Structures are given as C-alpha cells and as structure tokens.
Visitor: 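Please read through the structure below; I'll follow up with questions.
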Amino acid sequence: SYHCTCTRARIHAVGGIYDGHCRDLGLGAENAALRLRQTRPVLQFSDRLRGTLIANEPLAREDFIIHRRDGLFAYNLAVVVDDHFQGITEIVRGADLIEPTVRQISLYQHFGWQAPDYLHLPLALNGDGNKLSKQNHAPALPEGDPRPEIVRALRFLNQAIPEEWQALSIDD
C-alpha cells in the first residue's frame, strides 16, 4: 500500500481510472488516502444468478483506496473484513454492486481468505429509471394488505409464488 494525494478531479481528468501517479512518490500520510497496490486483480467471477461476469479490466487492475484521507476506512475494505469475521459465506445484493465485487474478491485474496459466493439481483426501478431505495426516497408500501405487493415483488425477482398465497397470513 502507499499514500496518495490525487483528487477526484485529477482522476476524472485522466479518464476516471487511477493511473498510479503516487505509487512510487513515497508520500506521507498527511492529507492522503491509502491505496492498495493491486497485485491480485480479479478479471472475472462467478455469480450464482448471472454466471460468469467479466470485469472492466482497467478498474480491476486499479490501485484502489482502502483508507480515505478523512480517516475513515473505505467501503470495500470495511465490508470484506466485517463479512469475513462474521463468517458470511453467501452475499445476495443488487446488481448495482456488481462492479465493486471484483475489488472485494481481490481483498479476500490479498488476505488469504475464502471469498463468499455472490448473487446479484436485478434492481427495481421507478418510472424515471432510478432504483427503488431509501436513498432515492422510494414510496412506502401502500396501506392495507401487503400480499399483492409481495406477489409483484416475487414475480419481478422470478421467484415461485405459492398457489395458496391469498390464504397466507401476513406473518407467513
């Protein structure tokens, strides 16, 4: 790993992928992020739903930030360490998180840990093409019986719908 003082604007100006500018400069920690020297790029991985997914190679080979200049640990490092020590073996999440998966698997390899299996579900989008999520202020489920909405969600996710779904209680 090494310290890097490159700004997002500089990285954007060179095409959006970090180019290793600070790799051999020997910079100190002051006002700098810590980047992982990428020695184990993951160019593809197996998704339990989608099969083999091919990575964006420049992104997979990029030295990425593991400790931010504001003192916080980066998301990719935090989730890998957290999931490993919780014994997580399978991760199911939205397709918008496919891209960082190669970085996370790479971190597992750097640590010598077994990576979990991944399954990325399609995103539910609103009419404007934005994902339905709290951060995008998605509306709450309508008042009343939630079963029709649950059936719609199951259909969207290509899941089996029990024939007797109308007889199921809310707890079921």
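Quick caveat: nothing in here was measured; it's all calculated off a predicted structure.
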Visitor: Within the 4.5 Å heavy-atom criterion, are Phe64 and Val102 side-chain neighbours or not?
Guide: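 Counting from C-beta outward, Phe64 and Val102 never come under 4.5 Å.
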Visitor: Does the side chain of Gln104 reach to within under 4.5 Å of the side chain of Tyr75, using non-hydrogen atoms?
Guide: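 Yes, their side chains come closer than 4.5 Å.
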Visitor: Looking at Arg40, is its backbone amide N or carbonyl O close enough to the side chain of Gln38 to form a donor-acceptor pair, meaning the two atoms are under 3.5 Å apart?
Guide: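 Between the backbone of Arg40 and the side chain of Gln38 there is a qualifying donor-acceptor contact (under 3.5 Å).
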Visitor: Going by atom types alone, do Tyr2 and Asp24 pair a side-chain donor with an acceptor below 3.5 Å?
Guide: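 The criterion, which ignores hydrogens and geometry beyond distance, is not satisfied for Asp24 and Tyr2.
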Visitor: Starting from Phe73, can I reach Ile105 by hopping between I/L/V/M/F/W/Y residues whose side chains sit under 4.5 Å apart?
Guide: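 Same hydrophobic cluster.
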Visitor: Can you find a heavy atom in the side chain of Leu49 that is under 4.5 Å from one in the side chain of Leu121?
Guide: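 Of all side-chain heavy-atom pairs linking Leu121 with Leu49, at least one is under 4.5 Å.
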Visitor: Do Thr5 and Asn31 make a side-chain contact, defined as non-hydrogen atoms from C-beta onward lying under 4.5 Å apart?
Guide: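 No, too far: nothing below the 4.5 Å cut-off.
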Visitor: Would you say that Leu43 contacts Arg61 through its side chain, given a criterion of any heavy-atom pair below 4.5 Å between the two side chains?
Guide: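 Result yes, sub-4.5 Å side-chain heavy-atom pair found.
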Visitor: Look only at the side chain of His110 and the backbone of Ser106, and say whether a donor-acceptor pair between them is shorter than 3.5 Å.
Guide: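 Here the side-chain-to-backbone pair exists.
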Visitor: Could you grab the distance from atom OG of Ser1 to atom CG of Asp63, nearest 0.5 Å is fine?
Guide: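 It comes to 10.0 Å.
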Visitor: Can you check whether Ile54 reaches Phe45 side chain to side chain, under 4.5 Å on heavy atoms?
Guide: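 No, too far: nothing below the 4.5 Å cut-off.
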Visitor: Could you tell me which residues satisfy side chain to side chain donor-acceptor pair (under 3.5 Å) with His120, sequence neighbours excluded, listed by chain and number?
Guide: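 In terms of side chain to side chain donor-acceptor pair (under 3.5 Å), with neighbours along the sequence ignored, His120 is linked to Asp47, Arg93, Thr101.
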Visitor: Would a 4.5 Å heavy-atom cut-off, applied to side chains only, mark Ile91 and Asp83 as touching?
Guide: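 The answer is yes, as the side chains (C-beta and beyond) meet within the 4.5 Å cut-off.
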Visitor: So Trp113 and His84, would you call those rings parallel, tilted or perpendicular, with 30° and 60° as cut-offs?
Guide: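 Trp113 and His84: parallel rings.
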Visitor: Is the closest side-chain heavy-atom distance between Glu90 and Pro116 below 4.5 Å?
Guide: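 A side-chain contact under 4.5 Å is absent here.
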Visitor: Leu107, Tyr18: one ILVMFWY side-chain cluster at the under-4.5 Å cut-off?
Guide: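 Hydrophobic grouping puts Leu107 apart from Tyr18.
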